[in-house]
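Right, one structure below, let's go through it.
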Amino acid sequence: MARSDLGESKRERILQAALQLFSRQGYHATTTKEIAAASGVAEGLIFYYFGGKRELLRHVVRRFSFLETVRGEADRLIGEEREEALVRFGRMYLAFLDHHKDYLLLIWSPELLGDEEVTGEVRHLLAGMAEMGGRLIAAGGREAPPLDEQTAQTAASMMLSALLTHFIIGERVKNRNPETDEAYIRSVVSIVLNGVRSGQNGQDGRNGQDA
């Protein structure tokens with residue numbers, strides 16, 4: 001393994017260990033010594049790569065976010081039929097939620113909800129998610145005219161919020177399965193796109209009256 005690859009492997013192990021320990025024990029209760037032991041590296045490497053526990057937390061919040069996990073996927077979906085592109089995007093989001101429960105426990109933990117810096121980072125990531133989904137809605141694929149950016153991002157936020165609620169309730173009552181997930185995703189996408197189309201039709205009508 002090349003030296004750069006070895007360094008990247010160690011860095012990734014530190015991030016993975018930090019995520020697990022921060023989410024299970026809490027950020028403040030976890031020490032860099034524990035993170036080093038869990039990741040199998042010398043404690044000094046945490047400070048070498050990240051500067052300290054605080055900066056390590058910021059990297060964890062960014063590295064394991066949905067935005068980072070699916071970076072580049074939106075570019076591949078743009079240009080496809082809009083409804084199917086959004087359905088695939090919704091599947092990606094539910095898959096992310098299923099496989100990153102420790103990340104959700106961390107960013108929504110009581111101790112970090114009151115952390116202004118982390119809250120700002122999470123707010124930035126949520127805005128990025130809405131922008132990513134909004135690009136899919138605004139582009140419209142082959143069958144729809146373009147949509148203004150703000151409306152598209154609002155529609156994407158509504159879609160992601162509905163899917164997050166579906167995930168949380170499903171985890172609580174244990175009634176989710178692939179079939180119900182798919183049906184829910186398609187239902188939400190249909191509702192969002194119907195709203196978008198209604199808004200576009202209304203705008204076209206107003207524009208016609210103005211003309």
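At least one side-chain heavy atom of Tyr93 sits less than 4.5 Å from a side-chain heavy atom of Leu164. At a threshold of 4.5 Å between non-hydrogen side-chain atoms, the residues Phe167 and Lys101 count as touching. You'll find the side chain of Leu19 stays beyond 4.5 Å of the side chain of His100, heavy atoms only. Contact check for Leu125 versus Val61: side-chain heavy atoms found under the 4.5 Å cut-off. Here the side chains of Arg54 and Tyr27 are in contact, with some heavy-atom distance below 4.5 Å. By the 4.5 Å heavy-atom criterion applied to side chains, Leu112 and Thr119 are not counted as neighbours. A 4.5 Å side-chain heavy-atom check between Asp75 and Arg135 finds at least one atom pair inside the cut-off. For the pair Val192 and Leu86, the minimum side-chain heavy-atom distance is 4.5 Å or more.
Atom CG of Leu193 is separated from atom CE of Met159 by 8.5 Å, given to the nearest 0.5 angstrom. Interatomic distance, CG of Leu94 versus OH of Tyr184, reported as 9.5 Å (0.5 Å rounding). With values rounded to the nearest 0.5 angstrom, Ile46 atom CD1 is found 8.5 Å from Thr31 atom OG1. Distance CD/Glu121 to NE2/His59: 10.0 Å, rounded to 0.5 Å. To the nearest 0.5 angstrom, Ile14 atom CD1 is 13.5 Å from Arg63 atom CZ. For the atom pair CD1 (Ile168) and CG (Leu104), the distance works out to 8.0 Å, reported to the nearest 0.5 Å.
By the 6.0 Å contact criterion, CE on Met92 is enclosed, its count of non-hydrogen atoms from other residues, nucleotides or ligands being greater than 12. Around the CD atom of Glu149, the shell of radius 6.0 Å holds no more than 12 heavy atoms that belong to other residues, nucleotides or ligands.
Below 30°, between 30° and 60°, or above 60°: for Tyr103 and Phe64 the angle between ring planes is between 30° and 60°, a tilted geometry.
Salt-bridge check for Asp115 with Arg58: failed, with every basic side-chain N at 4.0 Å or more from each acidic carboxylate O. A salt bridge is defined here as a Lys NZ or Arg NE, NH1 or NH2 lying under 4.0 Å from an Asp or Glu carboxylate O, and Glu73 with Arg88 fails to meet this definition. A salt bridge is defined here as a Lys NZ or Arg NE, NH1 or NH2 lying under 4.0 Å from an Asp or Glu carboxylate O, and Arg186 with Glu84 meets this definition. With salt bridges taken as basic N to acidic carboxylate O contacts below 4.0 Å, none links Asp181 and Arg91.
Scanning both residues, Thr180 and Asn175, for their nearest heavy atoms gives OG1-O, 4.0 Å. Scanning both residues, Ala38 and Leu21, for their nearest heavy atoms gives CB-CD1, 4.0 Å. Of all non-hydrogen atoms in Ala17 and Ile35, the two that sit nearest each other are CB-O, 3.9 Å. The minimum heavy-atom distance linking Ala36 with Glu43 is given by the pair CB-CA, 3.6 Å. Counting all heavy atoms, side chain and backbone alike, Ala18 lies closest to Val60 at CB-CG2, 3.9 Å. Residues Gly134 and Ala156 approach most closely at N-CB, 3.4 Å, considering heavy atoms.
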Next on the checklist: Pair Gln16, Arg13 - check side-chain contact (heavy atoms from CB on, under 4.5 Å), show working.
Outcome noted: CA-CA 5 Å; Gln16 292 281 355; Arg13 294 207 314 264; 5.7 Å; no
Item to check | side-chain contact (heavy atoms from CB on, under 4.5 Å) assessment of Phe96 paired with Val70 | outcome: CA-CA 9 Å; Phe96 166 82; Val70 299; 5.9 Å; no
Next on the checklist: Could you walk me through whether Val196 and Arg82 satisfy the side-chain contact (heavy atoms from CB on, under 4.5 Å) test, starting with their C-alpha distance in whole Å, then the side-chain angles of each, then the deciding distance to 0.1 Å, before giving a yes or no?
Outcome noted: CA-CA 12 Å; Val196 166; Arg82 180 161 62 178; 4.2 Å; yes
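Formation of a donor-acceptor pair under 3.5 Å by the Lys10 side chain with backbone atoms of Ser39 is not found in this model. Ser187 places no side-chain N or O within donor-acceptor distance of the main-chain N or O of Ala183, the cut-off being under 3.5 Å. In this structure, the side chain of Ser161 does not engage the main chain of Met158 through any donor-acceptor pair within 3.5 Å.
The aromatic ring centres of Phe89 and Phe66 sit less than 6.0 Å apart.
Under the 4.5 Å side-chain heavy-atom criterion for Ile, Leu, Val, Met, Phe, Trp and Tyr, Leu105 and Phe22 are members of distinct hydrophobic clusters.
Other members of the hydrophobic cluster containing Val173, listed by chain and number, are Ile169; membership follows side-chain contacts under 4.5 Å among ILVMFWY residues, whether direct or relayed.
The residue from Arg172, Arg176, Glu171 that alone fulfils the side chain to side chain contact (heavy atoms under 4.5 Å, CB included) condition with Lys174 is Glu171.
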